[in-house]
Amino acid sequence: QVQLVESGGGLVQAGGSLKLSCLASLSTFGHHDMAWHRQAPGKQRELVAALTSGGSTNYADSVKGRFNISRDNGENTVYLQMNSLKPEDTAVYYCNTYPQMSVWGQGTQVTVSS
């Protein structure tokens, strides 16, 4: 069964940085487009960033210029480098394939204090 394990979240002050990691147990990881989503309290889950198997990226307008998605196919891992964090970035962050599978990981909590 596919597993997605996110890590790297934490508490950071506004303006700080965090790097999230997601280990995906996909035998054909390198062939999958991958994405990061987030869900803030009381809000719907939203797409934050996507990265195709060919290296093309797409970002939500709210994170453009601040977040960077990358991957290491040899490690079956996708990353999200988050810089210049804002309190509104506070959420649980999840990775998934793109389009998403029905399986989700436990997510990693990111809290940005003002």
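From a predicted model like this one, the values you see are computed outputs, not experimental measurements.
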Quick one: does [X]'s side chain get under 4.5 Å of [Y]'s, heavy atoms only?
X	Y	result
His32	Leu26	yes
Thr90	Leu85	no
Arg38	Asp89	yes
Arg71	Phe29	yes

Within this structure, what is the [atom1]-[atom2] distance for the pair [X] and [Y], rounded to the nearest 0.5 Å?
X	Y	atom1	atom2	value
Leu47	Asn58	CG	CG	7.0 Å
Met34	Asn76	CE	CG	9.0 Å
Met82	Trp36	CE	CH2	8.0 Å
Asn96	Asp33	CG	CG	12.0 Å
Leu23	Thr77	CG	OG1	4.5 Å
Gln81	Ser21	CD	OG	9.5 Å

Flag, side chain of [X] to backbone of [Y], donor-acceptor distance under 3.5 Å:
X	Y	value
Ser25	Gln3	yes
Thr28	His31	no
Arg45	Gln39	no

Pair up each side-chain donor or acceptor in residues 4-18 with any protein partner under 3.5 Å, not counting sequence neighbours, and list the distances.
{"unit_1": "Glu6", "atom_1": "OE1", "unit_2": "Gln106", "atom_2": "N", "d": "3.4"}
{"unit_1": "Glu6", "atom_1": "OE1", "unit_2": "Gly107", "atom_2": "N", "d": "2.9"}
{"unit_1": "Glu6", "atom_1": "OE2", "unit_2": "Cys95", "atom_2": "N", "d": "3.0"}
{"unit_1": "Ser17", "atom_1": "OG", "unit_2": "Asn83", "atom_2": "OD1", "d": "3.0"}

Contacts satisfying ring-ring contact (aromatic ring centres under 6.0 Å, His included) that involve residues 53-107 (not counting sequence neighbours) are His37-Trp104, Tyr94-Trp104
Look at Lys64 together with Asp61 and state whether they make a salt bridge at an N to O cut-off of under 4.0 Å.
yes
Answer yes if Val78 and Met101 sit in the same cluster of Ile, Leu, Val, Met, Phe, Trp and Tyr residues linked by side chain heavy atoms under 4.5 Å apart, and no otherwise.
yes
After noting the C-alpha distance and the side-chain angles of Val110 and Leu20, does the key distance pass the side chain to side chain contact (heavy atoms under 4.5 Å, CB included) rule?
CA-CA 9 Å; Val110 172; Leu20 308 183; 4.0 Å; yes
